[in-house]
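Notes follow the structure.
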Amino acid sequence: MRRSLALLCLGLAACAGASQNRATTEVGRGLAMPADPGARSQALRESGQRFYAALSRGEPEDTVLDALALRRVVDSTAATRYSAQRAGLGLRLGVRPADLEAFRSAEFAGVCVQGARQRAAGGVLGLLQPTWTFDRVLVVGRRPGGQRVAAWLEGVFAFTDQGFYALDLSRAEAPRWEHSDLELASCDVEVGLH
């Protein structure tokens, strides 16, 4: 009995710790792209910093909307589909915390976003309102001497009243120093890279 109670307490503590890593419960709805370029840049910078922090911890799944917030951004059919796709997300991504050590030795520098577009409500994503989305983001850090590290996060990202969050993640790349896409990738939107 004591052992079962101890295991239950450990399990609850682990769940509580995971929920503290996610600030997504405050997300209320998806949002359209801000008309003001400064507001767009600020939203991308703040979200990029959050993505960078999640990658530095080795927890890219912390960029994903939790189940409750997801239902405030997409319809129930889409929310069920995304939730099913997320089963085993950590294993599917295959990210090891040791792979992300490079991010810990640098500081957030910026992001390059690809596949950015304004989406209407409904559609294949099941959005509840028109929402600004993108497909992938190159998250970039820089050491004080100027050396850069970067990695792609891929999935479906939606702009919300609390910044960008992933509806689902399909890939989290291991970071690379002086990533070739820092020079080769064309960005739909970028912040802090030039």
Side-chain angles (χ1 to χ4, degrees), residues 17-18 20-24 26-27 30-66 89-118 131-194:
Q20 289 174 358
N21 286 336
R22 296 184 194 272
T24 66
E26 296 179 11
V27 169
L31 293 176
M33 178 174 57
D36 175 50
R40 284 195 298 268
S41 293
Q42 180 178 350
L44 282 169
R45 180 175 304 285
E46 289 172 358
S47 297
Q49 289 169 329
R50 191 169 17 81
F51 297 162
Y52 190 89
L55 288 172
S56 294
R57 291 190 308 271
E59 298 173 349
E61 60 274 11
D62 280 355
T63 64
V64 178
L65 282 175
D66 67 28
L89 180 62
L91 292 174
R92 184 167 36 105
L93 293 175
V95 174
R96 298 175 308 165
D99 290 340
L100 302 172
E101 181 62 36
F103 278 124
R104 292 186 200 109
S105 66
E107 292 185 8
F108 173 74
V111 294
C112 167
V113 169
Q114 292 183 335
R117 59 195 165 278
Q118 182 66 37
T131 304
W132 187 24
T133 68
F134 63 81
D135 301 327
R136 62 192 311 229
V137 56
L138 185 65
V139 181
V140 182
R142 187 183 314 268
R143 282 185 171 165
Q147 188 180 24
R148 298 174 298 176
V149 60
W152 286 105
L153 271 179
E154 298 177 357
V156 180
F157 296 83
F159 185 49
T160 73
D161 54 351
Q162 299 297 314
F164 280 98
Y165 283 94
L167 303 178
D168 189 30
L169 285 179
S170 57
R171 180 173 174 246
E173 179 183 48
R176 292 187 265 164
W177 290 104
E178 294 305 324
H179 197 299
S180 60
D181 284 339
L182 288 165
E183 303 301 328
L184 300 174
S186 60
C187 306
D188 294 333
V189 186
E190 63 92 10
V191 173
L193 302 186
H194 295 103

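Here the structure is a predicted model, which means the values were calculated and not measured. For the single chain, residues carry numbers from 1 onward in sequence order.
- Both the sub-6.0 Å distance and the 45° axial angle are satisfied by Arg50 relative to the ring of Tyr165.
- Taking both residues in full, the closest heavy atoms of Trp177 and Ala106 are given as CH2-CB, 4.5 Å, listed atom of the first, atom of the second, then distance.
- Counting heavy atoms from C-beta on, the side chains of Leu182 and Leu138 come closer than 4.5 Å.
- Shown here are the salt bridge (Lys or Arg N to Asp or Glu O under 4.0 Å) partners of Arg117, two or more places apart in sequence or in another chain: Asp135.
- Across every non-hydrogen atom of Ala172 and Leu153, the tightest pair is CB-CD2, 3.7 Å.
- Partners of Arg176 by salt bridge (Lys or Arg N to Asp or Glu O under 4.0 Å), not counting sequence neighbours, listed by chain and number: Glu173.
- Closest approach of Val139 to Gly48, counting heavy atoms only: CG1-O, 4.3 Å.
- The nearest pair of heavy atoms linking Ala116 to Val189 is CB-CG2, 4.3 Å.
- Looking at residues two or more places apart in sequence or on another chain, you find no side chain to side chain donor-acceptor pair (under 3.5 Å) involving Thr160.
- Taking the six-membered ring where tryptophan is involved, the planes of Phe51 and Phe134 are perpendicular, since the angle between them exceeds 60° and thus also 30°.
- In this structure, the side chains of Pro34 and Phe159 come closer than 4.5 Å at one or more pairs of heavy atoms.
- Identified under the side-chain hydrogen bond (donor to acceptor under 3.5 Å, both in side chains) test for residues 141-153, with sequence neighbours left out: Ser105-Arg143, Arg143-Gln147, Arg148-Glu178, Arg148-Glu183, Trp152-Asp181.
- In this structure, Gln114 and Asp188 approach most closely via the heavy-atom pair C-OD2, 3.3 Å.
- Looking only at distances, a side-chain donor or acceptor of Gln118 sits under 3.5 Å from a matching main-chain atom of Met33.
- Listed by first and then second residue, the disulfide bond (SG atoms under 2.5 Å apart) pairs that reach into residues 146-194 are Cys112-Cys187, sequence neighbours excluded.
- Remark: Ser41 OG to Glu46 CD distance equals 11.0 Å, nearest 0.5 Å.
- Atoms OG1 and CZ, on Thr131 and Phe157 in that order, are 15.0 Å from each other to the nearest 0.5 Å.
- Closest approach of Leu169 to Pro60, counting heavy atoms only: CD1-O, 3.4 Å.
- In this structure Arg136 satisfies the salt bridge (Lys or Arg N to Asp or Glu O under 4.0 Å) test together with Glu154, sequence neighbours excluded.
- Listed for the Tyr52 side chain is a donor-acceptor partner under 3.5 Å among the backbone atoms of Phe103.
- Here the CZ atom belonging to Arg45 is positioned 14.5 Å from the CZ atom belonging to Arg40, to the nearest 0.5 angstrom.
- Using a 4.5 Å heavy-atom threshold, the side chains of Leu65 and Leu167 count as touching.
- Note that CG of Leu44 and CD of Gln49 are 11.0 Å apart. Values are rounded to the nearest 0.5 Å.
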